[in-house]
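Here's the structure we're looking at; comments come further down.
The chains referred to below are lettered A, B, ... by the order of the sequence lines, with proteins before strands, and numbering in each begins at 1.
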Protein chains: 2
Amino acid sequence: MVRPQAASPSSREKILEVAEAHFARRGFSGVGLRELAQAAGLGKSSLFHHFAGKSQLYFEVLERVLARIQVRLAAALARPGAPLARLEGWVDALVDALAEHPASARLLLRGLVEDEDFPDEPLHEAQRAEQLLGEILQGIHALLREGIERGDFRRLSVPDTVQTLIGATVYHFASGELGESIMGGPLLSSEAVRRRKQELRQLLHQGLAAGAADPGLRRG
Amino acid sequence: MVRPQAASPSSREKILEVAEAHFARRGFSGVGLRELAQAAGLGKSSLFHHFAGKSQLYFEVLERVLARIQVRLAAALARPGAPLARLEGWVDALVDALAEHPASARLLLRGLVEDEDFPDEPLHEAQRAEQLLGEILQGIHALLREGIERGDFRRLSVPDTVQTLIGATVYHFASGELGESIMGGPLLSSEAVRRRKQELRQLLHQGLAAGAADPGLRRG
DNA sequence: GTCTATATCACGATAGAC
DNA sequence: GTCTATCGTGATATAGAC
């Protein structure tokens, strides 16, 4: 790998930066390389010097976002504590990661749900992105199972709960204009982010706890 | 207005039908009118006899989906009962609506998050779709507020809870391959749908209820 | 109402000068 | 590494025969 340079971003990094924003807003097929190059301050053909094609650029963007998030989530899971506390740390870390980089949530929601047929055969970048996603999912999956086995959580459906967690975080921060209309204000202000974390914490604390159905199994 | 004809679907209805599936899978910019016409069993130019253009067709599809859902949700809200019971009925109705028509959730998720710049000025179909969405949101908003005022729900943030409900339903059924990978099976089997409803019911029953111990305000 | 052209334009990608 | 010029294709949309 060539050394990172913090001072002035290379063209390559500039392209990745603007591509992230554009793909997040318009999706893969909605973005033209022409506008993308223009936004990066380059001619259209210069993109092909840095990336093999549109698909490769797209997956490299996706990989960057997933890597950024995976690091934070793994760190949150590695902290000591009971499953519920670690789950709340995991959610907080995910919310922070999504809120900090406004394009992330939309890009993820698109990338995960989208169903383009990419012309080229399995790109290396796509495989790496899928691997990162797998690590994220495996981590939260294991945590939920641990919480159930310890009796801290009720006997919830782990996959359903994972889906609910994704929806409550990724969808929320990807919801754009609709979300702001529902919330009656910005999604990304520090106050809105703080309130979101607090609301999720309460919902999960009450909603996942082992309750009347499993009396006596609660532990401190 | 010309009256609908139930017997054999008109070309117009056939187009709407296949357009719904295509737009759901590929998004607005990902769908070409050529493939769309072919899937409907028509020549490409025939589409323009029934619809003014691609944008109008898209919004008419969106409007149909929203109308279908809005009717069910309004009916669920109109049933008598306590707020929690009516909320559970609302969620069940939404899940049923999304599960019954597989393209709906994806189309909605795209339509709500997507941010295309549609060339034409405010289309009538787009305004109608927005109005239906507004009615849906207003209904669930009022229900949550009523539950809080009656003391059935804790003092939750109504907008945050609306967002969570959307994420837990629309995202889930829009999650496609990723969702099936997480769930370890189909999203739309009657068993999966039943379990999803049951899980959401438990989460909301415990998570929104008033009177539980306060989880404590951690700083952050 | 459906069709066969066709117009016009943007797309991704390439070639090659500098 | 960036540029201009261009290729080939497919996009939306239109014109007009039947």
How are the rings of B/Tyr58 and B/Phe23 set to each other: parallel, tilted or perpendicular (split at 30° and 60°)?
perpendicular

Whole angstroms only, please: what is the [atom1]-[atom2] distance between [X] and [N]?
X       : N      : atom1 : atom2 : value
B/His49 : D/dG16 : NE2   : P     : 17 Å
A/Phe28 : C/dC11 : CZ    : P     : 13 Å
B/Leu36 : D/dA13 : CG    : P     : 12 Å
B/Leu42 : C/dT4  : CG    : P     : 11 Å
B/Leu47 : D/dT14 : CG    : P     : 13 Å
B/Leu33 : D/dT12 : CG    : P     : 4 Å
B/Lys44 : D/dT12 : NZ    : C1'   : 7 Å
A/Arg34 : C/dA13 : CZ    : C1'   : 15 Å

Dump the intermediate steps for side-chain hydrogen bond (donor to acceptor under 3.5 Å, both in side chains) on A/Arg201 and A/Gln198, then the final yes or no.
CA-CA 5 Å; A/Arg201 198 175 296 135; A/Gln198 176 65 15; 3.0 Å; yes

Would you mind telling me which residue lines up with the more 5' stretch of DNA chain D, B/Glu35 or B/Phe48, judged by nearest nucleotide?
B/Glu35

Under 4.0 Å from OP1 or OP2 of D/dT2: is there any side-chain N or O of A/Ser45 that close?
no

Please check the phosphate of D/dT2 (OP1 and OP2 only) for any side-chain N or O of A/His50 closer than 4.0 Å.
yes

Evaluate side-chain hydrogen bond (donor to acceptor under 3.5 Å, both in side chains) for A/Gln131 paired with A/Gln127, printing each intermediate quantity in order.
CA-CA 6 Å; A/Gln131 185 194 335; A/Gln127 293 177 292; over 6 Å; no

B/Arg196-A/Thr164 side chain donor-acceptor pair, cut-off 3.5 Å:
yes

